[in-house]
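Heads up, the thing below is written out as C-alpha cells.
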Amino acid sequence: MAAENLEAFFSDTGKSLGTEGVNRSEETIRRYGENTMACGDVMPAGVVYPASTADVQAIVRAANTHGIPLYPVSTGYNIGLGSRAAARAGQVVVDLGYRMNRILEIDEKLAFAVVEPGVSYQALYDELVRRGNKLMLDVTSGPPQGGMIGNALDKGAGYTPYFDHFGFSCGLEIVLGNGEILRTGDGALQSDTLANWHTSKYSFGPILDGLFAQSNYGIVTRMGVWLLPRPPMVRSFHFAFPEDSDLEEVIELCRPMKMSNFVPTLFRVANDLYLCGSEGESAEYHASKGKKSISDDGRRALREKHGLGAWNVSGAFYGPSAAALEPMIQRVRDHFGQSGKAKYIDHADAGGVGPLQVAINAFSGIPSLGELGLLKWRPGGGNLWFLPGTPMDGKIANEFQRICRGIYEEHGMDYMVMNVCGPRFARGLHVMTFNREDAEERARADACYRKMSEEVARRGVYVGRAPIQYHDFHMQQAMPVYRDACNNVKTALDPNGVIAPGRYGIG
Ligand SMILES: Cc1cc2nc3c(=O)[nH]c(=O)nc-3n(C[C@H](O)[C@H](O)[C@H](O)COP(=O)(O)OP(=O)(O)OC[C@H]3O[C@@H](n4cnc5c(N)ncnc54)[C@H](O)[C@@H]3O)c2cc1C
C-alpha cells in the first residue's frame, strides 16, 4: 500500500466525515494497536469514526478507490481475542461505536431492540432498567462495555435461554465491500416501511445473515436483538464437586436436565481456577517465575478459601416467586445428590462468593465486571482464549480435560476452564493468562495454544472462535473446499478485498 494512497484515502475520508471523523495521532494508533495476545501489539495506519451508515459507505468507497484495507470494530472490547487490534498491521480501524451508538428502537410489546454498533450491554441494560425493567437482555460475563453487534458477529454467547447472540439477533443492515447497502431477512423487501425486519428470521430466499458472522464480507451498521420478558424471580443453584475426574459424572448429570429443557439456562461448569482466578493473583507465580503451573496444594488452598470444588456447576430457574421455584430447586438437588459427593450451595450463599455472583448476574441479564479479575491472575496483562468444545458425553469431556490439562502443565500455564453446557454440546472456555512482558512466557503461551489446537483437531474437534492472531492458522485446518468457498464469497461481496483482509483467515 503506497503512502500516497493512504494520504489520498484520509483526505477523502476527512472531506466526507469532517475532521472529527479521522485520527492519525501516534497516541491513538498506539492505543488501537494494544491487545492482550502473545503476538504483541498490531499498529493500524489510523482510525476513522463514522457517524452514520452513509459515512460507512463513504469510507468503504474511498478504500476501494485507493486500495486501503479497513478493519471494523463496534465497541472494541474483544479482550483475549484481539481487542481492537486489526487482522494485520497497517489496516485502518473503522471505530463504529464511537459515534454510532444509538438504541434505535425498543419494542416492548414484541420484546426486541434495534441497535447501532456502539450500543454496549451496559447501555442497553441501563435503558431497559430506566424503562421499568420489564425486559431482560442476555449478557456475556465479560466486559460490560462490549456490545451486542460485535459480540454477535463474533459468535459470542451468554447463559440465559437467549444465550446464542447471533441466533437471537434478527435483521441486519450491512455495507458491503463494494459500498452498497444490504438488508437481510424481511428487510430485503423493496419498501419504505418494513413490518417484520426484526421479528422474522427466515424470509424469502437464502439466509444471508450468517455470511456476516466471523467473516469479512461487510460492515454491519444495524441489528435487531430479541429480548426476554424479565422474570419476576431468578433462583440460582450451585454444586461443588471435589475431584478433577468428577467432570465425567457432572456432564452426565447435566445432560438430561438440558435435554428435557427442565433447566432453562445453560450450565456453567467451571473448574477451581476459572472461579478462584478472578479473586486475586496466583500466590505461586513469583516463586517459580511463572515457569510452573500452580501446585495441587495451591489449588486445594484456594478451593478451601472460597468454599468451592474442583468442578462447580451453576444454573438457574425463572418464575413468579421463590416459593414457586422451590420444587424445581428440590428436583435438581435430588438429581445432583445422586452422585453422593456434590456439595449444594444455595442462591443466598452463592451471592456471597464473588465468582458465583458473576454466574447469578449472567443468568439474570445483568452485566458485571467480576470475571475480568482473571486477567490479573498472572502479572503482565497477557490473555488468550482457546475455545474448542466437547459433545455432552462425560467420558469424552474427561478425556479432553486430561489432554488439555496436560498441555497446560507441560507449558507451565495454569489450567482454567469453564464448560458451558447445552443438551448435546459444551463449549470449553479455556483461559490462558500469562505475563505478556516476559518474552519466554509469551512464547510458551503461544506454543501451548498451538499444541492444544493441533491435539484436539487430531481428535476431530475444531475451535468455535479464536484470537485474531490464530485466524490464518485455524483456517489452514479447514478442508480446502471450505477455504475456497469462503474466498469466493469474499470476491463476490468485496471484490477489491478492502474489509479486514485476513480476518478469520479469509482474503
Ligand atoms: C473475563 C472475560 C470474560 C468473557 N466472557 C465472555 C462471554 O461470556 N461470552 C462471550 O461471548 N465473550 C466473552 N468474552 C470475550 C469478549 O470480551 C466479548 O465477547 C466482547 O463482548 C466482544 O467484544 P465487543 O462486543 O466489544 O466486540 P468488538 O470488539 O466490537 O467486535 C468483535 C469483532 O467483530 C468484528 N466486528 C465488530 N463489529 C463489526 C461490524 N459492525 N461489522 C463487521 N464486523 C464487525 C470485528 O472484527 C471485531 O474485532 C470475555 C472476555 C473476558 C476477558
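In listed order, ligands and their atoms are each counted from 1.
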I need the atoms of ligand 1 closer than 4.0 Å to a non-hydrogen atom of Pro143, numbered in the order shown.
17 (O), 51 (C)
Tell me yes or no: between the side chains of Arg465 and Asn78, is some donor less than 3.5 Å from an acceptor?
yes
Say whether Pro117, considering both its backbone and side-chain N or O atoms, lies within less than 3.5 Å of an N or O atom on ligand 1.
no
Is the shortest distance from a heavy atom of Gly82 to ligand 1 less than 4.0 Å?
no
Looking at Gly142, which atoms of ligand 1 are within less than 4.0 Å of one of its heavy atoms?
2 (C), 3 (C), 4 (C), 5 (N), 6 (C), 50 (C)
Report, in ascending order of atom number, the atoms of ligand 1 lying under 4.0 Å from any heavy atom of Pro72.
36 (N), 43 (C), 44 (N), 46 (C), 47 (O), 48 (C)
If the threshold is 4.0 Å, N to carboxylate O, is there a salt bridge linking Glu437 and Arg442?
no
Of the backbone atoms (N, CA, C, O) and the side-chain heavy atoms from C-beta on, which set of Ser74 has a member under 4.0 Å from an atom of ligand 1: side chain, backbone, both, or neither?
both
Determine, using heavy atoms of Gly80 and all atoms of ligand 1, whether some pair is separated by less than 4.0 Å.
no
Could you tell me whether Arg130 and Asp126 have a side-chain N and a carboxylate O separated by less than 4.0 Å?
no
Geometry only, no angles: is Gly156 polar-contacting ligand 1 at N/O separations under 3.5 Å?
no
Does ligand 1 have any atom that is closer than 4.0 Å to a heavy atom of Met148?
no
What do you reckon, does Trp385 have a nitrogen or oxygen under 3.5 Å from a nitrogen or oxygen of ligand 1?
no
Mind checking whether Phe212 contacts ligand 1 via backbone (N, CA, C, O), side chain (CB onward), both or neither, at a 4.0 Å heavy-atom cut-off?
neither
Ligand 1 atoms in contact with Gly218 (distance to a heavy atom under 4.0 Å):
43 (C)
What pairs of residues pass the side-chain hydrogen bond (donor to acceptor under 3.5 Å, both in side chains) test when at least one of them lies in residues 418-433, not counting sequence neighbours?
none
Output all residues satisfying salt bridge (Lys or Arg N to Asp or Glu O under 4.0 Å) with Arg183, sequence neighbours left out; order by chain, then residue number.
none
Would you call Glu279 and Arg303 a salt bridge, using N to O less than 4.0 angstrom?
no
Look at atom 1 (C) of ligand 1 and say which protein heavy atom is nearest, naming residue and atom and giving the distance to 0.1 Å.
Glu371 O, 3.4 Å
Between Leu372 and ligand 1, is there a nitrogen or oxygen pair with a distance under 3.5 Å?
no
Under 4.0 Å from a heavy atom of Tyr71: which atoms of ligand 1 are those, numbered in the order shown and with their elements?
46 (C), 47 (O), 48 (C), 49 (O)
Quick one: look at Leu96 and ligand 1, take heavy-atom pairs under 4.0 Å, and tell me if it's side chain, backbone, both or neither.
side chain
Within reach of ligand 1, part of Ile149 (heavy-atom separation under 4.0 Å)
side chain
Does any donor atom in the side chain of Ser141 or Tyr159 lie under 3.5 Å from an acceptor atom in the other side chain?
yes
Basic-acidic side-chain contact under 4.0 Å: Asp414, Arg378:
yes
Is there side-chain contact between Phe168 and Cys170, with at least one heavy-atom pair below 4.5 Å?
no
Short N/O distance, under 3.5 Å, between Thr140 and ligand 1?
no
Got the closest protein heavy atom to atom 8 (O) of ligand 1, with its distance?
Tyr159 OH, 2.7 Å
Any N or O of Arg503 that comes nearer than 3.5 Å to an N or O of ligand 1?
yes
Pairs of nitrogen or oxygen atoms closer than 3.5 Å, one from Leu153 and one from ligand 1: do any exist?
no
Regarding Asp438 and Arg444, does a basic nitrogen lie under 4.0 Å from an acidic carboxylate oxygen?
no
Is there a nitrogen or oxygen of Tyr121 sitting under 3.5 Å from a nitrogen or oxygen of ligand 1?
no
Would Ser141 count as a polar contact of ligand 1, with the cut-off being nitrogen or oxygen pairs under 3.5 Å?
yes
Please classify the Arg268 to ligand 1 contact at 4.0 Å (heavy-atom distances, strictly less than): side chain, backbone, both or neither.
neither
When you measure from atom 9 (N) of ligand 1 to every protein heavy atom, which one gives the shortest distance, and what is it?
Ala157 O, 2.8 Å
closest protein heavy atom to atom 10 (C) of ligand 1 is Arg465 NH1, 3.4 Å
Measure the distances from the heavy atoms of Gly147 to every atom of ligand 1 and state whether one is below 4.0 angstrom.
yes
